[in-house]
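What follows is a set of notes on a single structure, which appears directly below.
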Amino acid sequence: MALRLYNTLSGKIEEFQTLQKNQVRMYACGPTVYDYGHIGNFRTFVAVDILHRFLEQSGYTVQHVMNITDVDDKIIRNSSREGVPVQTYTAKYEKAFLEDTLLLNIAQPKLARATEHIPEMAEFIAKLEAKGFVYRTEDGSYYFRIAKFPAYGKLSKKDFGGMQDGARVDVDEYEKDSARDFAVWKAPKPGEASWETSIGPGRPGWHIECSVMSMEELGETFDLHAGGEDLIFPHHENEIAQSEAYSGKPFARFWFHPRFLLVEGEKMSKSAGNFYTLRDLVLKGHKPSSIRYLLASVPYSTQLNFTFDGLKQAEVSVDRLRNFRLRLTSGQFPAGANPEMTKLAQETTDRMRAALEDDLNTPQAQAAIFDMARTANAAFDSGAVKQDDVPALLGALDKFNEIFAVLRDDDAPKIKSIAEWAKAEGRDISQELLGLLQSDALSDEQVNGKLAEMEAARKARNFPVSDAIRKELTAAGILVENTKDGVRWRRK
RNA sequence: GGACGGGUAGCCAAGUGGUAAGGCAUCGGCCUGCAAAGCCGAUCAUCAUGGGUUCGAUUCCCAUCCCGUCCUCCA
């Protein structure tokens, strides 16, 4: 079997195929760095990351490029309002974005910054102009002539054939030949950032950077292009027009568009008061792993309802799997092997693979691992898990984690950097976050020392002392479990 | 208004032409010095509403209501 993916271009689920065997070349639209990333942004980036990880798990080498849009109207407006150069302004948010992706265990793609490719964009536009796809207006802007590109609309399934260019043309854009034509290059305006180039001064239009950078990094035709569903039109439609007009060849073969999320059942918006950046959530005391898990719990192809209740549930779910893993790594098992367990691990791995191959059905993959955990936990209790079964079970869990990336107990160190940032920015830090930070306060040695004391007290049946120590450790975010095989612990 | 996607238990949700995964929550039990973790059992779904097709629909078709995305710069 192979991965079957919904392709926006064909409007169908298709078998994913690459141009070169075992190699994927993909381009994902990244952030416009004008503010901190919100959870909607990260829903998209997590979805793309899951695709990336599953492709690697499937044996592909993945060449993954992501743009950083570091010049646009909003950036120019905000930076001038703050009185700082564009680069200073964008550097801050780019840094924050990259830290955020680390928080969520998003594998880092190769980055391509718009402002570092301005000369190439100018050349690209010059060639399009030479081919007649682009025209220059009196003020020095350049527009793409949609009428020259009959396939326009094939991605968004819009029919522009019957469109009449009416008299209803935007006042600012009176020079365009057709209202539908879009800017590939914007003439400079007083006080705005602009670049001197071979086609004159100005700055790039919104779409040109992606055409230029993706083709530069991945070739004129590559395997997959991703971005939020809102980018289908006009952004990706325009990219296709520019790129295919330029090269005369098909641009990306697969188009991957994660759907939007809702927050508490409603559209996320600042005015509705349900707008959250990733950092907002962390400051409220939510773990990055819970957030990632929740974002991955609904297929990318359907809308996700992001709720705080769901976030709590996600944390408990992740804990369950972490506990299961702890049992596997710290337990003592009778010698030998139980074929049932090996079979269970294999079936689980197969189920997860089949689920993900089915257009990345993440909840079914999760169901498979939970089924395994339940069955294996029951087998644990009855002593039916043997030494030789452990690697197989752990292996299935690892396969799961290669995709979902939530099982490491590393939330506390990650949160620490956010807490420091919050302090520097003068943001409020919740009690919950302070509590989470606690779990990193004691070193492994200190924890083990306390545990030794506790065990000694328990052996002496000095329960008041052992209970006091347990309480102390719990307060420090350490979960202690006493089992018949001895004591084990992990950071909550 | 047009195009498209969705409405499944208290919550998040998968899925199917033959009455429905998984997680969370709730209740009871087992285990346990306590706790934690785990297991077992139970409760919980007329699958938005109204029609139609069919031996049979939650799954296909139509209508209605609701939600979301896009219809030029929002992931």
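Every heavy atom of this structure was used, including side-chain atoms; hydrogens, water molecules and symmetry mates were not. Lettering of chains follows the sequences in order, A, B, ..., and the numbering in each one begins at 1.
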query: Is RNA chain B part of any stem, that is, at least 3 consecutive Watson-Crick or G-U pairs with both distances under 3.5 Å, and where?
result: B:1-7 with B:65-71, B:10-12 with B:22-24, B:26-30 with B:38-42, B:48-52 with B:60-64
- request: Look at all strands and tell whether A/Pro299 reaches a base, only sugar-phosphate, or nothing, counting heavy atoms closer than 4.0 Å.
  value: sugar-phosphate
query: Between A/Asp359 and A/Tyr300, does any side-chain donor sit less than 3.5 Å from a side-chain acceptor?
result: yes
message: Please give the distance between the P atoms of B/U58 and B/G18 as a whole number of Å.
response: 11 Å
- request: Would you check if A/Phe260 stacks with the base of B/G68, given a 5.5 Å centroid limit and a 30° plane limit, both strict?
  value: no
Residue A/Asn41, side-chain atoms from C-beta onward, closest of B/A75, B/G15, B/G22: B/A75
Distance (rounded to the nearest 0.5 Å) between A/Asn78 CG and A/Asp73 CG: 10.5 Å
message: Once ring pair (Phe, Tyr, Trp, His ring centres under 6.0 Å) is applied, what residue pairs with a partner in residues 344-369 of chain A remain, sequence neighbours excluded?
response: none
message: Measuring from the side chain of A/Pro234 (C-beta onward, heavy atoms only), which nucleotide among B/C12, B/A13, B/U72 has the closest atom?
response: B/U72
- prompt: If you check the A/Thr307 side chain, which of B/C12, B/A13, B/C74 turns out closest?
  reply: B/C12
query: On a whole-Å scale, what distance lies between the P atoms belonging to B/G6 and B/U59?
result: 13 Å
- request: State whether a side-chain donor-acceptor pair under 3.5 Å links A/Asp309 with A/Gln313.
  value: yes
- prompt: When the C1' atoms of B/A25 and B/A13 are considered, how many whole Å apart are they?
  reply: 14 Å
Pair A/Lys386 + A/Asp389, salt bridge at N-O below 4.0 Å: no
- prompt: About how many Å separate CG of A/Asn448 and CD of A/Glu455, when rounded to the nearest 0.5 Å?
  reply: 11.0 Å
field: A/Glu237 CD - B/U72 C1' separation (whole Å)
entry: 12 Å
message: For nucleotides 24-38 of chain B, give me one character per nucleotide, 5' to 3': B if any protein heavy atom sits under 4.0 Å from the base, S if the only such contacts are to the sugar-phosphate, - if neither.
response: B--------BBBBSB
query: Within the structure shown, what part of the strands sits under 4.0 Å from A/Leu326 by heavy-atom distance: base, sugar-phosphate, or nothing?
result: nothing
message: Could you check whether A/Arg351 pairs with A/Glu347 (Lys NZ or Arg NE/NH1/NH2 to Asp/Glu carboxylate O, under 4.0 Å)?
response: no
task: Look at the side chain of A/His257 and the base of B/A75, then say whether one donor and one acceptor between them are separated by less than 3.5 Å.
output: no
query: Salt bridge or not for A/Arg203 and A/Glu192, using N-O below 4.0 Å?
result: yes
query: Starting at CD of A/Glu266 and ending at C1' of B/C11, how long is that distance when rounded to a whole Å?
result: 16 Å
message: Please determine whether a side-chain nitrogen of the Lys or Arg among A/Lys287 and A/Glu315 lies less than 4.0 Å from a carboxylate oxygen of the Asp or Glu.
response: yes
message: At 4.0 Å (heavy atoms only), tell me whether A/Asn305 reaches a base, stays on the sugar-phosphate, or touches nothing.
response: sugar-phosphate
query: Taking the six-membered ring for Trp, are A/Phe182 and A/Tyr152 parallel (under 30°), tilted (30 to 60°) or perpendicular (over 60°)?
result: parallel
- request: Could you tell me the separation between the CZ atom of A/Phe144 and the P atom of B/U72, rounded to a whole number of Å?
  value: 18 Å
Pairwise C1' distance, B/U19 and B/U8 [rounded to whole Å]: 13 Å
message: Strictly below 4.0 Å, N to O, side chains only: are A/Asp181 and A/Lys176 in salt-bridge contact?
response: no
RNA chain B-proximal residues of residues 95-114 of chain A, any heavy atom under 4.0 Å: none
Between C1' of B/U69 and OH of A/Tyr300, the distance in whole Å: 15 Å
task: Calculate the interatomic distance between A/Gln366 atom CD and B/G15 atom P; express it in whole Å.
output: 12 Å
query: Should the ring pair A/His257 and A/Trp255 be called parallel, tilted or perpendicular, given that the plane angle runs from 0 to 90° and is split at 30 and 60?
result: parallel
message: Could you tell me how far B/G56 sits from B/C11 if I compare only their P atoms? Round to whole Å.
response: 33 Å
query: Quantified in whole Å, what is the C1' atom distance between nucleotide B/C71 and nucleotide B/G10?
result: 39 Å
NZ/NE/NH1/NH2 to OD/OE distance under 4.0 Å, A/Arg325 and A/Asp398: yes
task: Describe the nucleic acid contact of A/His207 in one word from base, sugar-phosphate, nothing, applying a heavy-atom distance below 4.0 Å.
output: nothing
field: side-chain hydrogen bond (donor to acceptor under 3.5 Å, both in side chains) against A/Lys492, all qualifying residues, sequence neighbours excluded
entry: A/Asp319
query: Considering only the P atoms, how many Å lie between B/G51 and B/A57, rounded to the nearest integer?
result: 13 Å
query: Between A/Asp230 and A/Arg259, is the closest basic N to carboxylate O distance under 4.0 Å?
result: no
message: So for A/Lys270 and B/C74, does any side-chain atom that can act as donor or acceptor lie under 3.5 Å from a complementary atom in the base?
response: no
message: Taking the basic N atoms (NZ, or NE/NH1/NH2) and the acidic carboxylate oxygens, is any pair closer than 4.0 Å for A/Lys399 and A/Asp350?
response: no
task: Please report, rounded to the nearest Å, how far the P atom of B/U69 is from the CG atom of A/Leu262.
output: 7 Å
message: What contact category does A/Ile232 fall into here, base, sugar-phosphate, or nothing, at under 4.0 angstrom with non-hydrogen atoms?
response: nothing
message: Between B/U54 and B/C66, how many Å separate the two P atoms, rounded to a whole number?
response: 32 Å
- prompt: Just how far, in rounded Å, is C1' of B/A21 from CZ of A/Arg351?
  reply: 8 Å
statement: Atom OH of A/Tyr152 and atom C1' of B/C70 are separated, to the nearest Å, by 13 Å
field: RNA chain B: 5'-proximal contact among A/Lys267 and A/Asn238 (nearest heavy atom)
entry: A/Lys267
Listing time: all N or O pairs from protein to nucleotides 5-9 of chain B that are below 3.5 Å?
from : atom 1 : to       : atom 2 : distance (Å)
B/G5 : O2'    : A/Arg259 : NH1    : 2.9

- request: Would you kindly compare A/Asp181 and A/Leu231 by the position of their nearest RNA chain B nucleotide and give the one closer to the 5′ end?
  value: A/Asp181
task: Could you tell me whether A/Lys158 sits above the aromatic face of A/Phe233, with NZ or CZ closer than 6.0 angstrom to the six-membered ring centre and within 45 degrees of the axis?
output: yes
